[in-house]
2 protein chains.
Amino acid sequence: MSASAQKHDVFQAIADPTRREVLKLLSERELPISEITSHFSISRTAIAKHLKILSEAELVSGRKEGREKIYRLHPEPLSELKQFYDQFWSNRLSVLKHIVETGGENSGLKLIPSETEKKEP
Amino acid sequence: MSASAQKHDVFQAIADPTRREVLKLLSERELPISEITSHFSISRTAIAKHLKILSEAELVSGRKEGREKIYRLHPEPLSELKQFYDQFWSNRLSVLKHIVETGGENSGLKLIPSETEKKEP
DNA sequence: ATTATATAAAACCTTTTGGTTTCATGTCAA
DNA sequence: TTGACATGAAACCAAAAGGTTTTATATAAT
């Protein structure tokens, strides 16, 4: 097992709000399709398709138990999100550049006076 | 400024690989459309559309300078990604649950023997 | 054996996406 | 003022997304 052709990647998988909701549901406990469906206003078939996409992205897996299929979350691939995020926001020169260039506006970070400067006003 | 109707959100914006590449490019320095286009094999028009989507998600902004339009990155909204990621992976009971239930397989985390147990074999 | 549940699979439909090509417009350079 | 850029905007297209409905199948419960 290794190189999977992966028709759907994590980024695509989480692009849809319904799919994000499903993941949230499954983060609490594993659930059969029917129960997942009950949380939404769309058809069971539609949910099944969403689950298929999520499982292609390896974010969930389903096992059949009796007549129902029970899905469980596999949060691992979400680390790609963090990676992507970090590419722009963590320990990166570009962030410093951004802050310097903009003076920190809108950066979510601020250039603040040092401790020593702040104390004793 | 506040409630923006936001036709495209961050998740949708980064769903497309080309768009992710564009963001990467812009993380180095701001660039005019033509130059961005030169990094891809698709038309300038297509790139312009991608930029529109990115700017609807407020991930980039463009200013017109002379005859060219220069785009710059606005990484702030990407924090939504981290938020989403953290929802599943950080400081969450569900993570512990997941680890306990699976014994840590595929979790990216492991249950290892404590220091004292490990020492002196 | 019969019926109700839970899902699977297929066919179909509409809207959105990701592209293209074509034409118009503003700006810089000769 | 005449081109040569750099874009903007519109029309058009094929394929993918997100749904629905219908039909079939396996399993549980009576």
Side-chain angles (χ1 to χ4, degrees), chain A residues 4-26 29-73 77 84, chain B residues 4-26 29-73 77 84:
Chain A
S4 44
Q6 264 199 287
K7 186 181 168 193
H8 288 102
D9 64 10
V10 182
F11 295 98
Q12 255 177 270
I14 65 159
D16 184 272
T18 301
R19 249 136 38 204
R20 290 197 297 274
E21 267 297 307
V22 169
L23 292 179
K24 198 173 208 166
L25 279 177
L26 292 178
R29 47 187 151 71
E30 45 179 41
L31 293 170
I33 298 183
S34 54
E35 197 158 339
I36 297 174
T37 302
S38 73
H39 289 273
F40 300 88
S41 51
I42 60 180
S43 71
R44 188 218 80 224
T45 315
I47 294 291
K49 285 185 188 176
H50 282 306
L51 286 168
K52 189 183 171 195
I53 290 173
L54 288 172
S55 83
E56 277 170 3
E58 309 198 76
L59 281 164
V60 304
S61 67
R63 71 171 186 284
K64 196 172 247 169
E65 192 154 301
R67 58 182 160 185
E68 47 187 23
K69 187 158 186 184
I70 296 177
Y71 277 91
R72 79 144 60 205
L73 177 69
F84 186 76
Chain B
S4 46
Q6 263 196 287
K7 185 182 169 192
H8 287 102
D9 64 10
V10 183
F11 295 99
Q12 254 177 271
I14 64 159
D16 184 271
T18 301
R19 248 133 44 201
R20 290 197 296 274
E21 267 296 307
V22 169
L23 291 179
K24 198 173 208 166
L25 279 177
L26 292 178
R29 48 190 149 70
E30 45 180 42
L31 293 169
I33 298 184
S34 54
E35 197 157 339
I36 297 174
T37 302
S38 72
H39 289 272
F40 299 88
S41 51
I42 60 180
S43 71
R44 185 219 83 222
T45 316
I47 294 292
K49 285 185 187 175
H50 282 306
L51 285 168
K52 189 182 170 198
I53 290 173
L54 288 172
S55 84
E56 277 171 3
E58 309 198 75
L59 281 165
V60 305
S61 66
R63 69 172 188 284
K64 197 171 246 169
E65 191 155 300
R67 57 181 162 184
E68 45 188 26
K69 188 158 185 185
I70 296 178
Y71 277 91
R72 81 144 57 205
L73 178 69
F84 186 76

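By convention in this document, chain letters (A, B, ...) are assigned in the order of the sequence lines, proteins followed by strands, and residues within each chain are numbered from 1.
Counting heavy atoms from C-beta on, the side chains of A/Phe40 and A/Leu25 come closer than 4.5 Å. Side-chain atoms of B/Glu30 and B/Glu65, non-hydrogen and from C-beta on, never get closer than 4.5 Å to each other. Within the 4.5 Å cutoff, no side-chain heavy atoms of A/Leu59 are placed close to those of A/Leu26.
When rounded to the nearest whole Å, the span between CD1 of B/Ile70 and P of D/dG8 equals 12 Å. Going from atom CG of B/Leu31 over to atom C1' of D/dT7 covers 16 Å, rounded to whole Å. Atoms NZ (B/Lys52) and P (D/dG8) sit 11 Å apart, rounded to a whole Å. At whole-Å resolution of the value, CD1 in A/Ile36 and P in C/dA8 are 11 Å apart. As a whole-Å value, the separation of A/Ile42 CD1 from D/dA17 C1' is 12 Å. B/Phe11 places its CZ atom 21 Å from the P atom of C/dT16, with the value rounded to the nearest Å. Between B/Leu51 atom CG and C/dT17 atom P there is a gap of 16 Å when expressed in whole angstrom units. One interatomic measurement links the two molecules: CZ of A/Phe40 to C1' of D/dT20, which rounds to 17 Å at whole-angstrom precision.
Of the candidate nucleotides C/dC28, C/dG19, C/dG18, C/dG18 has the atom lying nearest to any side-chain atom of B/Ile53. Nearest to the side-chain atoms of A/Arg67 among the listed nucleotides D/dT7, D/dG19, C/dA4 stands C/dA4. Residue A/Asp16 places its side chain closer to D/dG18 than to any other of D/dG18, D/dT7, C/dG18.
Where A/Thr45 and A/Gly66 meet DNA chain D, the nucleotide closest to each residue was compared, and A/Thr45 sits on the side nearer the 5' end. Toward the 5′ end of DNA chain D lies the nearest nucleotide of B/Lys64, the other residue of the pair A/Thr18 and B/Lys64 mapping further downstream.
Look at A/His8 and you won't find any side-chain N or O under 4.0 angstrom from OP1 or OP2 of D/dA16. Between A/His50 and D/dG19, a side-chain N or O to OP1/OP2 separation shorter than 4.0 Å is present.
Residue B/Gln12 is in sugar-phosphate contact alone, with no base atom involved, counting any heavy-atom pair closer than 4.0 Å across all strands shown. At the heavy-atom level, B/Ser43 lies under 4.0 Å from base atoms of the strands shown.
Here the closest heavy-atom approach between residue B/Thr37 and residue B/Ser43 is recorded as CG2-C, 4.1 Å.
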Intermediate values then yes/no, salt bridge (charged side-chain N to carboxylate O under 4.0 Å, His left out), B/Lys49 and B/Asp16: CA-CA 12 Å; B/Lys49 285 185 187 175; B/Asp16 184 271; over 6 Å; no
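Checked by distance alone, B/Lys69 brings no side-chain donor or acceptor within 3.5 Å of a matching partner on the base of D/dG8. Between the side chain of A/Lys49 and the base of D/dT20, a donor-acceptor pair under 3.5 Å is found. Scanning atom types as modelled, one donor and one acceptor separated by under 3.5 angstrom connect the side chain of B/Arg44 and the base of D/dG8.
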